[in-house]
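Being a predicted model, the structure only gives us computed values, none of them experimental. We count ligands from 1, going down the list as the structure has it; atoms in each ligand are counted the same way.
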Amino acid sequence: MLNLGSNGFDKGVFKTPSLVFQLSNLCTYLIIKISKVSTNLSQLKSSMASTTPDANQNQESTKNSIIFRSVKTLAESPELTSVPSSYTFATNPDDELVTDPDDDDPIPVIDYSLLFTGTPDQRAKTIHDLGRACEEWGFFMVINHSVPKSLMEKMVDQVFAFFNLKEEDKQEYAGNKNVTDPIRYGTSFNASMDRVKFWRDFIKIIVHPEFHSPDKPPAFRDTCEEYCRKTRELGRELLKGISESLGLEADYIDRTMNLDHGLQIIAANLYSPCPQPDLAMGMPPHSDHGLLNLLIQNGVCGLQVLHNKKWINVSSAPNRFLVLVSDHLEILSNGKYKSVVHRAVVSNKATRISLATVIAPSLDTVVEPASELTDNQTNPAAYVGMKHKDYMELQRTNHLYGKSVLNQVKI
Ligand code: OGA
Ligand code: NI
């Protein structure tokens with residue numbers, strides 16, 4: 001069932017849990033439990049004292065809830081000089097090859113404008129390039145797109161402003177756990193399942209079919225609504241090109257995935273500066289649910305994609321979208337297009353913001369390989385059909401590493 005080797009990271013901490021691994025995690029857990037109150041608290045006490053919400057609460061539970069409120073609070077603690085043990089990975093740096101893109105095999109770049117204003121040849125070539133990018137990389141960058149640069153910048157500014165709110169204001173959205181809760185603020189990756197914590201704070205907002213937004217900061221709602229409308233349009237148009245590249249009618253994916261009622265989520269990620277960036281990870285290797293993830297960032301790099309078993313650093317010029325093929329496009333294409341395994345590394349120099357926009361089927365859509373792309377003899381369906389919302393629940397309740405969830409629906 002689990003096929004990690006082919007994804008190229010059967011090494012390090014993400015290998016299938018062995019007994020030793022589980023024992024070492026148990027030890028880590030116990031050490032965290034024991035050291036949490038002593039080491040971490042003494043490091044953090046003074047900086048976090050001001051965030052105590054209610055002095056009359058049980059002191060111990062108050063302390064514990066404060067400790068993991070956000071990485072931002074932790075990172076801003078003046079006493080913090082090293083990464084707490086609960087965030088450290090036991091990866092062997094030699095295990096994983098990290099490189100910049102090769103000149104002979106550059107990250108694909110798609111000129112979106114050619115889908116509309118190009119000559120028939122240019123349009124056909126762009127669709128062909130889209131297909132190749134989805135097949136060989138599961139990742140591409142989009143230039144000359146339809147989202148104004150000023151809106152992208154304004155949205156990133158609003159995300160920054162959100163994370164700079166008082167912790168109490170953000171905590172209003174903490175504790176929401178269901179995948180269909182409209183707004184979720186939190187820290188780490190898949191907090192209830194994570195064995196180690198990740199150096200990341202996030203807010204996830206469902207923005208379609210119903211639009212939601214936090215009330216603060218004041219300009220967030222309007223900026224976000226416009227940004228989401230524009231990115232939804234971009235995603236749907238890209239999916240038309242991708243449908244054509246699969247030899248399907250242009251509106252095939254839009255129609256069968258019910259994108260008029262499609263789920264769109266934005267996930268804003270904050271990666272605070274980390275004193276020992278080699279010891280912590282912003283987000284572990286994973287692939288995303290949904291069809292496409294359109295990612296922008298604040299000019300600070302940190303995204304790495306797995307390509308031909310190497311981690312490739314993604315550096316991006318402003319005004320580009322980094323587009324990740326996600327699990328439901330892999331399922332729909334019966335494995336022809338691959339969802340890309342990616343991760344986020346952290347830095348000790350700068351705060352990084354990334355904003356992911358997930359374009360996904362409606363929650364009730366059963367996603368299965370397109371019957372037009374399968375036949376019983378030579379190309380049988382390689383994935384079982386599953387409702388999108390059940391797939392999301394599977395993600396939430398599983399330990400995520402690489403394509404572990406997708407592999408569970410593989411036949
Ligand atoms: C995500 C994601 C990577 C990044 O939000 O799903 O993988 O660079 N983000 O922040
Ligand atoms: Ni992701």
Side-chain angles (χ1 to χ4, degrees), residues 7 9 14 71-72 98 107 137-142 152 155-156 159-160 162-163 179 183-191 193-194 198-207 227-228 231 235 263-274 277 280-307 311-318 320-330 338-347 350-360 391-392 395-396 398-406:
N7 293 328
F9 54 96
F14 295 105
V71 172
K72 183 172 188 288
V98 178
I107 294 176
W137 279 80
F139 182 65
F140 53 92
M141 302 196 203
V142 174
M152 294 164 77
M155 188 65 216
V156 170
V159 167
F160 235 125
F162 173 83
F163 284 118
V179 286
I183 306 182
R184 285 182 291 150
Y185 169 69
T187 188
S188 197
F189 182 55
N190 196 15
M193 305 300 295
D194 290 339
F198 296 93
W199 201 263
R200 166 214 188 206
D201 300 322
F202 67 85
I203 179 167
K204 291 189 185 185
I205 310 169
I206 295 185
V207 293
Y227 180 80
C228 292
T231 48
L263 183 73
Q264 183 183 8
I265 300 181
I266 60 166
N269 304 303
L270 177 80
Y271 304 100
S272 298
C274 176
M281 185 64 84
M283 243 195 255
H286 68 281
S287 60
D288 298 322
H289 75 100
L291 298 159
L292 294 177
N293 180 354
L294 314 177
L295 196 102
I296 61 172
Q297 56 190 16
N298 66 336
V300 179
C301 297
L303 176 68
Q304 296 180 337
V305 297
L306 195 65
H307 176 63
W311 287 108
I312 311 288
N313 289 316
V314 177
S315 65
S316 170
R320 289 183 172 198
F321 276 88
L322 309 174
V323 181
L324 301 111
V325 170
S326 307
D327 290 351
H328 288 111
L329 187 52
E330 175 167 333
K338 308 279 185 309
S339 66
V340 66
V341 175
H342 55 285
R343 66 183 187 182
V345 296
V346 291
S347 122
T351 296
R352 175 167 184 254
I353 294 259
S354 71
L355 179 67
T357 302
V358 174
I359 306 291
Y391 191 86
M392 285 178 75
Q395 269 196 329
R396 190 184 68 84
N398 272 267
H399 177 60
L400 303 181
Y401 45 98
K403 291 186 159 185
S404 57
V405 177
L406 187 65

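Remark: Leu294 CG to Gln264 CD distance equals 8.0 Å, nearest 0.5 Å.
Using modelled atom types, no side-chain atom of Arg343 and backbone atom of Met283 make a donor-acceptor pair closer than 3.5 Å. Without hydrogens or angle criteria, His328 side chain to Gly290 main chain gives a donor-acceptor distance under 3.5 Å. Thr357 places no side-chain N or O within 3.5 Å of a backbone atom of Leu355 that could act as its donor or acceptor partner. Remark: side-chain polar atoms of Asp201 are paired, donor with acceptor, to backbone N or O of Val71 under 3.5 angstrom.
Near Ala356, meaning under 4.0 Å from any of its heavy atoms, are these atoms of ligand 1: 5 (O). Interface atoms of ligand 1 facing Asn293, defined by a heavy-atom separation under 4.0 Å, are 6 (O). Interface of Leu303 with ligand 1, defined as ligand atoms under 4.0 Å from a residue heavy atom, comprises 3 (C), 8 (O).
Every N/O-N/O distance between Arg343 and ligand 1 stays at or above 3.5 Å. When only interatomic distances are considered, the shortest N/O to N/O separation between His342 and ligand 1 falls below 3.5 Å.
A donor-acceptor contact closer than 3.5 angstrom links the side chains of Ser287 and Asp327.
Protein heavy atom closest to atom 6 (O) of ligand 1, with residue, atom name and distance, is Asp288 OD1, 3.1 Å. Among protein heavy atoms, atom 1 (C) of ligand 1 sits closest to Met283 CE, 3.6 Å. Closest to atom 5 (O) of ligand 1, if we only count protein heavy atoms, is Asn269 ND2, 3.2 Å.
If you look at His286 and ask which of its N, O or S atoms sits nearest the Ni ion (ligand 2), the answer is NE2. The N, O or S atom of Asp288 lying closest to the Ni ion (ligand 2) is OD1.
Counting heavy atoms under 4.0 Å from ligand 1, residue Gln297 does not touch it at all.
The closest approach between Tyr271 and ligand 1 falls below 4.0 Å for a heavy atom of the residue.
Judged as a salt bridge (charged side-chain N to carboxylate O under 4.0 Å, His left out), and not counting sequence neighbours, the contacts of Lys72 are Glu76. Qualifying side chain to side chain contact (heavy atoms under 4.5 Å, CB included) partners for Val156, counting only residues two or more places apart in sequence or in other chains: Ile296, Asn298, Ile353.
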